[in-house]
2 protein chains.
Amino acid sequence: MESKQRTSRRSEQMGDQIEERIVTGVYPPGMRLDETELANSFGVSRTPIREALIQLASAGLVEIRPRRGAIVAEIAQNRLYEMFEVMAELEAMCGRLAARRITHPEQQALMAAHQACEAAQKANDPDSYYHLNEQFHQLLYAASHNGFLEEQANALGKRLRPYRRLQLRVRDRMNSSFAEHAGIVEAILAQDGDLAATRITAHVVVQGQRFADLVATLPLLGSAGRS
Amino acid sequence: MESKQRTSRRSEQMGDQIEERIVTGVYPPGMRLDETELANSFGVSRTPIREALIQLASAGLVEIRPRRGAIVAEIAQNRLYEMFEVMAELEAMCGRLAARRITHPEQQALMAAHQACEAAQKANDPDSYYHLNEQFHQLLYAASHNGFLEEQANALGKRLRPYRRLQLRVRDRMNSSFAEHAGIVEAILAQDGDLAATRITAHVVVQGQRFADLVATLPLLGSAGRS
DNA sequence: GTATGATATTTTGTATACAAAGTAATAAAT
DNA sequence: ATTTATTACTTTGTATACAAAATATCATAC
């Protein structure tokens, strides 16, 4: 985590709020983000809103079309596939490094997070599982002991979050996800970086049936406010 | 390349100009970027400058300290190491994918770029080599046929550009770089993705002596305008 | 009823104004 | 002479004003 020095900038607070609403799906892909409207609803002027939107556009969460306003970024299918392909590689890299560099306390934390996932899985609670799964992955990133990599993985994870969330709804995904976690933890504890990387790549939903399942659920998201 | 639709936004033009000056070292790391000063020099108001700075901050090229203005980002040594570590992985991924997906015209272009490097190397011209080397790497990214990966690699490459440039000055680096390119091209043409990835990782300056050399040259950059 | 074109309205992009925080400068005290 | 406190000056961050582009509305023609 980057040391979040007291910001004192409204535009960043606005950015955080809008971002939160995007990644949780309150503002779905394709939704128009009217500057004046947002300014009014947040009780500020357009300036900090504009600055926030520019920042979110740089992060890839919104798209600013010159003179035509901002919308929540809609990710085309093939682009989504590409992003998952990169995400898999980044996470695999985390795993490879983590196998070499993870500390004892981090091992404990990772196992604890894994066990927490087990509870949600047994209770068949996709929402809890979703959050615990995210914690698990973030611990993995941190264990790489490469702060820049950790940031990149988190940033991309954020962009893919709305799509990942849908994933867990598909038949039996939660159970297989949990089983895969077990294999990943095992490989890391055994300090087998290549095995960890291989298993993580397989875990990140990208190939064959998995991605097809995801794509099939896509119409549920997106296409907000198109004519 | 992202389809650069006619922008019509001054803030983006300003961003491009400032970015250019940062990556070429005209604005060295640590330099203060005064909004009013920039606004005057570009003949616009502070607004588009501010928006440009926010965007550059998101890209990691400048650092905005709340209420204390923007400076050209200074990258700490360990952070720089982390970034090169990730860069190596991204490029290796490009190589692995390119080995599988490169088209015939792309093969031709890559070989042509490689041969162009040879000319600069033989003429012992680091500046030409620097530019031709960049072209070579960009062709590699494109050959991955993953547009998102290509963008990420280019973005990170941009951030590392001022540091990479120094690299070529160190003893004999240009010659070894060129030799490594040959091996990379060979592996890709042979469609051996793993070999290509291995060779690219070795090529990207990150381990042992190479990184030490880079660090040793760092004092040449940076520390502009500190008390 | 649909299509086309002119006009009106909305919305973005940039400039300017102003308040608050930060920085520099000066003066007083040890 | 160095340090501390008060004051003046910059510079940032936000609000508002205005111009230009895009969108919507409405009337007219076919």
Side-chain angles (χ1 to χ4, degrees), chain A residues 2-19 21-22 27 30-59 61-74 223-227, chain B residues 2-19 21-22 27 30-59 61-74 223-227:
Chain A
E2 200 85 52
S3 66
K4 228 157 230 163
Q5 62 179 114
R6 195 155 257 11
T7 170
S8 104
R9 289 176 63 212
R10 305 281 276 164
S11 69
E12 268 189 26
Q13 300 174 29
M14 301 300 102
D16 289 344
Q17 299 228 36
I18 296 169
E19 177 181 316
R21 295 183 186 187
I22 290 173
Y27 295 165
M31 178 176 163
R32 188 130 198 309
L33 297 172
D34 186 279
E35 294 178 1
T36 314
E37 209 173 305
L38 287 170
N40 290 339
S41 89
F42 284 115
V44 296
S45 78
R46 274 175 57 219
T47 308
I49 297 292
R50 269 185 73 81
E51 296 189 346
L53 289 177
I54 287 166
Q55 197 166 298
L56 292 171
S58 299
L61 286 166
V62 318
E63 186 186 341
I64 295 178
R65 300 157 308 172
R67 288 264 173 210
R68 306 188 54 231
I71 60 171
V72 178
E74 285 187 283
S223 52
R226 252 175 322 195
S227 58
Chain B
E2 200 85 51
S3 65
K4 229 157 228 165
Q5 64 179 110
R6 195 157 249 16
T7 170
S8 102
R9 289 176 63 211
R10 306 283 275 166
S11 69
E12 270 191 23
Q13 299 173 30
M14 300 301 102
D16 289 344
Q17 299 228 36
I18 297 170
E19 176 181 316
R21 295 184 187 185
I22 290 174
Y27 295 164
M31 177 176 164
R32 189 129 199 306
L33 297 172
D34 186 279
E35 295 178 1
T36 313
E37 209 173 305
L38 287 170
N40 290 340
S41 90
F42 284 114
V44 296
S45 79
R46 274 175 57 219
T47 308
I49 298 292
R50 270 185 72 80
E51 297 189 346
L53 289 177
I54 287 166
Q55 198 167 299
L56 292 171
S58 300
L61 286 166
V62 319
E63 185 186 344
I64 296 177
R65 300 157 306 173
R67 289 263 175 211
R68 307 188 52 233
I71 60 171
V72 178
E74 285 188 284
S223 49
R226 253 176 321 197
S227 59

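Naming convention: chains lettered A, B, ... in sequence-line order (proteins, then strands); numbering from 1 in each chain.
Rounding to whole angstrom units, CD1 of residue A/Ile64 and C1' of D/dA22 are separated by 16 Å. Between the CD atom of B/Glu51 and the C1' atom of D/dT12 there is a distance of 15 Å, given to the nearest Å. For the pair A/Ile54 CD1 and C/dT14 C1', the computed distance is 12 Å after rounding to whole Å. With rounding to whole Å, A/Glu37 atom CD is found 10 Å from C/dT12 atom P. When the C1' atom of C/dT14 is taken as reference, atom CE of B/Met14 falls 12 Å away, rounded to whole Å. Protein atom CZ of A/Arg67 is 6 Å distant from nucleotide atom P of C/dG13, rounded to whole Å. Distance, B/Asp34 CG to C/dT23 P: 13 Å, rounded to whole Å. What separates CG of A/Leu38 from P of D/dA15 is a distance of 14 Å, to the nearest Å.
Here the straight-line distance linking atom CG of B/Leu56 with atom CG of B/Leu33 works out to 8.5 Å at 0.5 Å rounding. Put simply, CZ on A/Arg9 and CD1 on B/Ile54 are 5.0 Å apart, with the number rounded to the nearest 0.5 Å.
When each of B/Pro48 and A/Leu33 is assigned the nucleotide of DNA chain C bearing its nearest heavy atom, the one mapping closer to the 5' terminus is A/Leu33. Sequence order on DNA chain C of the closest nucleotides to A/Thr47 and A/Arg68 puts A/Arg68 first from the 5' end.
No side-chain heavy atom of A/Arg32 sits under 4.5 Å from any side-chain heavy atom of A/Glu37. Taking the side chain as every heavy atom from C-beta outward, A/Thr47 and B/Arg50 never approach each other to under 4.5 Å.
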Run A/Glu12 and A/Gln55 through side chain to side chain contact (heavy atoms under 4.5 Å, CB included) and show every step you take. CA-CA 9 Å; A/Glu12 268 189 26; A/Gln55 197 166 298; 4.2 Å; yes
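Minimum atom distance to the side chain of A/Arg9 is reached by D/dG13, of the listed D/dG13, C/dT11, C/dT14. In the set D/dA15, D/dT11, C/dG13, the nucleotide with an atom closest to the side chain of B/Arg32 is D/dT11. Nearest to the side-chain atoms of A/Ser45 among the listed nucleotides C/dA17, D/dT11, D/dA15 stands D/dA15.
Nearest heavy-atom pair, B/Thr36 versus B/Asp34, reported as atom, atom and distance to 0.1 Å: N-OD1, 3.0 Å. Of all the heavy atoms in A/Val62 and A/Ile22, the pair that sits closest is CG1-CD1, 3.5 Å.
Not a single donor-acceptor contact under 3.5 angstrom links the side-chain atoms of B/Arg65 to the base of C/dG22. A donor-acceptor contact under 3.5 Å is not formed by the side chain of A/Arg10 with the base of D/dT14.
When the side-chain nitrogen and oxygen atoms of B/Arg46 are compared with OP1 and OP2 of C/dA15, none of them lie within a distance under 4.0 Å. A close approach under 4.0 Å does not occur between any side-chain nitrogen or oxygen of A/Arg50 and OP1 or OP2 of C/dT12.
Overall, the helix from C/dG1-D/dC30 to C/dT30-D/dA1 carries an axis bend of 10° between its ends, with five pairs at each end and the value rounded to 10°.
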